[in-house]
Amino acid sequence: MPETPSRCLFISLVCSGWLLLSGCADEAVIEGRRSTQHMTPHQAYAVSLEEAGLQQTALGRAWFDASQIAVDKSVEIATPYREVGYLDPKEVAARGYHIRVLQGQMLEIEVSVQSEDSMYLFLDLFELPDDSSATPRHVATSDSLYKIQVEPKRDITYLIRLQPELLRGGRYTFDVKIDASLGFPVAGHSSMHIHSFWGAPRDGGRRLHKGVDVFALTGTPVVAISDGYVARIDETVVGGKVIWVRDASRNQAYYYAHLDEFLIEEFTRVKKGDTLGTVGRTGNAYNTPPHLHFGIYAARSAVDPLPFIKDLTDHLPPVAADTSRLGEWARVTSRFARLRKGPSRTSEMVDKLPRHTAIRVLGGTENWYSVELPNGKSGFILSSLTEDADDPIRNMQLASGRSIRYSPSISAVAIDSIGANSELPVFGEFGGFIGVTSPNGRTGWISAMD
């Protein structure tokens, strides 16, 4: 997995009356600061913020910063993935996720919004380069139904970014699936029936297997895995009865070998699922159980067909974590809890959090929470290792007047002042600071050392 790049990707700069919008799409320069042609909705919205003068405000800058933070702090996910999340309309935030997709697979993304303020989400997909110094490339923007579907031409790490308009928020459900981009070539069968794979030695190691073998009974229908046309029907010494189907839309050819009989004519156009022939043992398969040898060729070279036909999609996992905590403070209950890059016990550990560490719950997926620490670090933690922060750990008696700060830092803005001898409920701890709730209900931080 390449390291997620940290670069200034989404900041608009004004220079000599021109607007240069740097993004993951091709660079766009807009004369007169008016035209948004050929821009993504996210980029066009960035232009509208600049034209309204909001880019120079703290709120506007925060929106641009959030776009970058979603890239820098994107979390690692695997499919099938479902997250119920929350974006607070009182704050400025974006979410970033990255996932690895293989050539031949199809990535499907869908978001549904449950918001009382008509939240509009910008849903964008970027390709992260293997070279972390290179700029990510914009690949797709969602349609009006918040859906994206792509088939990569090579193995790619994708970045998915979700970001609402300013002062908009609410709950959303985020679904990500990876599946085979093509159908399966033997009717009624699946990748479970493949028993010889790409790269297996043949002829005593003199050559390697350039396809997969699907074992089935003689006479089982062999079908088209996509729309196309029958480019060639032939009978050869090695392949026996073979059919070549051309898929012009993907610029690929599909090779079906060892057929028992042909059930289609040359140059016929076919639809996905149409019967081409039947499984057999012709050619050099005469002394093996009946099977279909299936191969894929692109640019005259064979490629591993397994990712193209292996069914991966399972039911989206239910969210078992308590989603009533979304957007709220929680805290760690165990002696130590591991914050991980992804929602899995095998995912890399980001940090080790001691008991009573305060965390902000951003989303729930299966039995994990997507959380953010008070210092901005994010990751996943098992929901069973957390509890609500509504009930205080203890009450704290102040000997002298204190300032409550927005975040656990001496340089953070003071948001409230508390007089001497005040008693404050403590909801959590973090890095030498204590999280408290003021008498007027505001949450903030005071130094444990004062």
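Hydrogens, waters and symmetry mates are skipped; everything else that's a heavy atom, side chains included, is used.
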> Between R250 and D247, is there a side-chain N and carboxylate O pair less than 4.0 Å apart?
Replying inline: yes
> In chain order, what residues pass the side chain to side chain donor-acceptor pair (under 3.5 Å) check against E328, with sequence neighbours excluded?
Replying inline: none
>> Working note: R325 + D390, criterion salt bridge (charged side-chain N to carboxylate O under 4.0 Å, His left out); need CA distance, chi angles, decisive distance, verdict.
In response: CA-CA 10 Å; R325 295 183 185 175; D390 294 340; over 6 Å; no
> Got a salt bridge between E429 and R394, using NZ or NE/NH1/NH2 to carboxylate O under 4.0 Å?
Replying inline: yes
> Should K341 and E76 count as an ion pair when the cut-off is N to O under 4.0 Å?
Replying inline: no
> E348 and R338: salt bridge (charged side-chain N to carboxylate O under 4.0 Å, His left out), yes or no, with the steps?
Replying inline: CA-CA 10 Å; E348 182 181 341; R338 291 174 173 83; over 6 Å; no
> So, S407 and S409: side-chain donor and acceptor under 3.5 Å apart, yes or no?
Replying inline: no
>> Salt bridge or not between R82 and D175? Use side-chain N to carboxylate O under 4.0 Å.
In response: yes
> With distance as the sole criterion, is a donor-acceptor pair present between the side chains of D213 and H195 under 3.5 Å?
Replying inline: no
> If you take all heavy atoms of I415 and G444, which pair is closest and at what distance?
Replying inline: CD1-CA, 4.2 Å
>> Students often mix this up, so state it plainly: with edges at 30° and 60°, are the rings of F430 and W445 parallel, tilted or perpendicular?
In response: perpendicular
>> Between the side chains of D304 and K310, is the shortest nitrogen-to-carboxylate-oxygen separation below 4.0 Å, so that they form an ion pair?
In response: no
>> Here's a test for you: under side-chain contact (heavy atoms from CB on, under 4.5 Å), which of F122, F126, Y97 qualifies with R161?
In response: F126
Distance-only criterion, 3.5 Å: show the donor-acceptor pairs between side-chain atoms of residues 372-384 and protein atoms not counting sequence neighbours.
unit_1 : atom_1 : unit_2 : atom_2 : d
N375   : OD1    : K377   : N      : 3.1
K377   : NZ     : D351   : OD2    : 3.4
S383   : OG     : N367   : O      : 3.1

> Do the side chain of Q68 and the main chain of D65 share a donor and acceptor less than 3.5 angstrom apart?
Replying inline: no
> Which is it for M106 and F308 under the side-chain contact (heavy atoms from CB on, under 4.5 Å) test, yes or no, and what are the steps along the way?
Replying inline: CA-CA 8 Å; M106 179 169 58; F308 293 81; over 6 Å; no
>> Can you confirm whether the side chains of R95 and S74 place a donor and an acceptor under 3.5 Å from each other?
In response: no
> Considering residues at least two apart in sequence or located in another chain, which fulfil the salt bridge (Lys or Arg N to Asp or Glu O under 4.0 Å) criterion with E387?
Replying inline: R331
>> Let's go through Q55 and T57 carefully: what are the C-alpha distance in whole Å and the side-chain angles of both, what is the deciding distance for side-chain hydrogen bond (donor to acceptor under 3.5 Å, both in side chains) to 0.1 Å, and is it a yes or a no?
In response: CA-CA 5 Å; Q55 189 188 9; T57 67; over 6 Å; no
> Does the gap between the ring centers of H293 and Y256 come in under 6.0 Å?
Replying inline: no
